[in-house]
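Report on the structure given below.
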Amino acid sequence: MIAYTTFLLFFIGIFSGFKLGVKVDRILSFVTFTSLFLIFGSFCESWLTGDEQTMSFMWNSSPGGDIKIDIISNPYNYGVIFPFFMITLLNVAHNQIFRYEERRSAFNSLAILNLAALMMIITSNNFVQLLSMVFVVDILALFIIKDVNSYKRYFLLNMTADMMLFMTFAVINSLVDSLDIRQILEYKKNGYHTDFIAICGLTAVFMKLGFFAFHIGVASLKQIRLHRLQHILFVSAPVTAIVLLLKFHALWSDSAYYSGYIDVMCIATMALSFYGCVVLDNFKSKVIYWQLMFWALFVELLKFNGFVWSELFTSLLLDMYLLVCALYWLYYYFNRRLLISQMMRLVAKDALRQDCAFVLTLSSVVLMANTLAIMYNNTNRYYIWSFAVLFVFSLALMLNQVIFAPSRRKDLKMNVLPLHFMYLVELFGLSAVLWYCFHSNEISVFGVSLAFIVFCCIHPLQKLSVLYRNSRLQNLDFFGALYRTLVKSLRLCGKILWLLVDRLLMEKVIIGIIKLLGKGNIRLFRTLHQSRLGGGFFVLILLLILIWISYQQGGQING
């Protein structure tokens, strides 16, 4: 039952967040991983048995609709939750095996609480529950990022997206007078503001995914640790965006701009991501742009599938996660240099680990190509081939410049040609075995794998490394400059409004007039109090006014 699993995750996440000593922290981290693994096994067992239950209780009742907490267990929700549960479990396992964190339990706690919030988002049927958990995921992401300077843009874009979602939900609620998400079909029948609802909701989704023009928030995260970045890219704000598309596709698709808006943003994001993957020298930036390219394809494939989740999307997501893990190991075993131009291949004790990391990279590429070959059809073929060409070329170019480049250390000598030949034979055989094992009917899987290896081995591609030495390209930040200009403009507008409204209008005019009236009244009453003649005259005037008012209201004066 998903509700039971969610409550267990909240309990374990809070328990794992206690601050303890170093030795106790290691034990607690291991206990947390073991507990999470057992819960995952129970979760899979419930999924396989076809568990269908609904846990619902009233949180609050209001004229605008009842606020309910709904956690619905059915095979579809299990299928959507599974890949993110699996990724969270692998993140905790990596944290247990490798010493990524000073306090492993703290990171585990944030990851588990984030997973529990995602489960409540996926199973929600109430606007308040959905939006509240989206806020929780964003707040947990800030704790995971940890670096204040890194998340300024990320925080601004996500909070703006959350406010746009709040405004969208408020418009829907004002018409259907219900907080039940299933009532969007009633809103759809009336057809009010459908274009506004679709554009506003999709823009919020694109902000959270980090698509074209909104990528500056995610791109700024290149300063944080890679395993934290990996968590943000796979199980944080982008996941909430995907769930929003799954839940509100039926309403947003009524807009005439819906399909075109998605296509334009996905194509622009692919082009931008390819530029970043090829030109930028920073390894973390490349990982970010590869992930953005992947999300652009993922959204398009979901659109062609009617925004209905299937096991193929689960497989594709896990394949991409495996690839990012392999890239992380490449970074870890290639002397941990963030700049590709400074990475070098070693022939010492880490050589075997480097080879294993590269083999894992190729394996994940083959697995992803196999999944895309299964999903391939006449409607999505252009997007899949575009992604395959851009992704394979950019990834192979990076590996060509890292793995097959001669060592930059004088004390390590390497014969490049035998290494090329060894990898060519070894990896060609591996791709053939993987292709045969998965019984793909598409020869394109083998072709993509072969092209990937060939691009890795082509020596002339080494000349493209000149892009890394171009300081203008590396420091080019058009959208960052646009962001800074926008922020400065907003600050300037705020300062002008403060001067005109707050300073000039409120303080100088309105408050000044009130002060003058107050001083005048005080002077008048002081004069009346000190002068008997003036006081009597004032009382006489008040008496005449009262008599006149009484007469106007129909009163009688008896003399």
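- For Ser253, there are no side-chain hydrogen bond (donor to acceptor under 3.5 Å, both in side chains) partners, not counting sequence neighbours.
- Expressed to the nearest 0.5 Å, how far OH of Tyr321 lies from OG of Ser364 amounts to 12.5 Å.
- Remark: the His94 side chain and the Tyr328 side chain contain no N/O donor-acceptor pair separated by less than 3.5 Å.
- By the salt bridge (Lys or Arg N to Asp or Glu O under 4.0 Å) test, Lys247 is found to be paired with no residue, residues two or more places apart in sequence or in another chain being considered.
- Panel note: side chain Asn377, backbone Asn380; a donor-acceptor pair is recorded below 3.5 Å.
- Scanning for side-chain hydrogen bond (donor to acceptor under 3.5 Å, both in side chains) contacts around Trp290 gives Ser394, with sequence neighbours left out.
- Screening residues 229-238 for side chain to side chain donor-acceptor pair (under 3.5 Å), with sequence neighbours left out, gives Asn91-His231.
- Scanning for side-chain contact (heavy atoms from CB on, under 4.5 Å) contacts around Tyr382 gives an empty result, with sequence neighbours left out.
- Applying the side-chain contact (heavy atoms from CB on, under 4.5 Å) criterion to Leu142, with sequence neighbours excluded, gives Tyr151, Tyr154, Phe155.
- Closest approach of Ile242 to Trp309, counting heavy atoms only: CG2-CZ3, 4.1 Å.
- In terms of the side-chain contact (heavy atoms from CB on, under 4.5 Å) criterion, residue partners of Ser315 (sequence neighbours excluded) are, by chain and number, Asp319, Thr371.
- Looking at residues two or more places apart in sequence or on another chain, you find no side-chain hydrogen bond (donor to acceptor under 3.5 Å, both in side chains) involving Thr123.
- Residues meeting the salt bridge (Lys or Arg N to Asp or Glu O under 4.0 Å) test with Asp254, sequence neighbours left out: Lys188.
- By the side-chain hydrogen bond (donor to acceptor under 3.5 Å, both in side chains) test, Ser16 is found to be paired with Thr32, residues two or more places apart in sequence or in another chain being considered.
- Ion pairing of Asp263 with Lys303 is present here, as a side-chain N (NZ or NE/NH1/NH2) and a carboxylate O approach within less than 4.0 Å.
- The salt bridge (Lys or Arg N to Asp or Glu O under 4.0 Å) search around Asp162 returns Lys208, not counting sequence neighbours.
- Residue Phe166 qualifies as open at atom CZ: its count of foreign heavy atoms under 6.0 Å is 12 or below.
- Side chain of Arg104 to backbone of Ser29: no donor-acceptor contact under 3.5 angstrom is found.
- Proximity of Asn108 to Phe33: side-chain heavy atoms (C-beta onward) are nowhere separated by under 4.5 Å.
- When all heavy atoms of Phe85 and Leu36 are compared, the closest pair comes out as CE2-CD1, 3.7 Å.
- When each of Trp295, Phe214, Phe212, Tyr261 is tested with Phe206 by the rule ring pair (Phe, Tyr, Trp, His ring centres under 6.0 Å), just one qualifies, namely Tyr261.
- Under the rule for a salt bridge (Lys or Arg N to Asp or Glu O under 4.0 Å), Arg103 has no partner lying at least two apart in sequence or in another chain.
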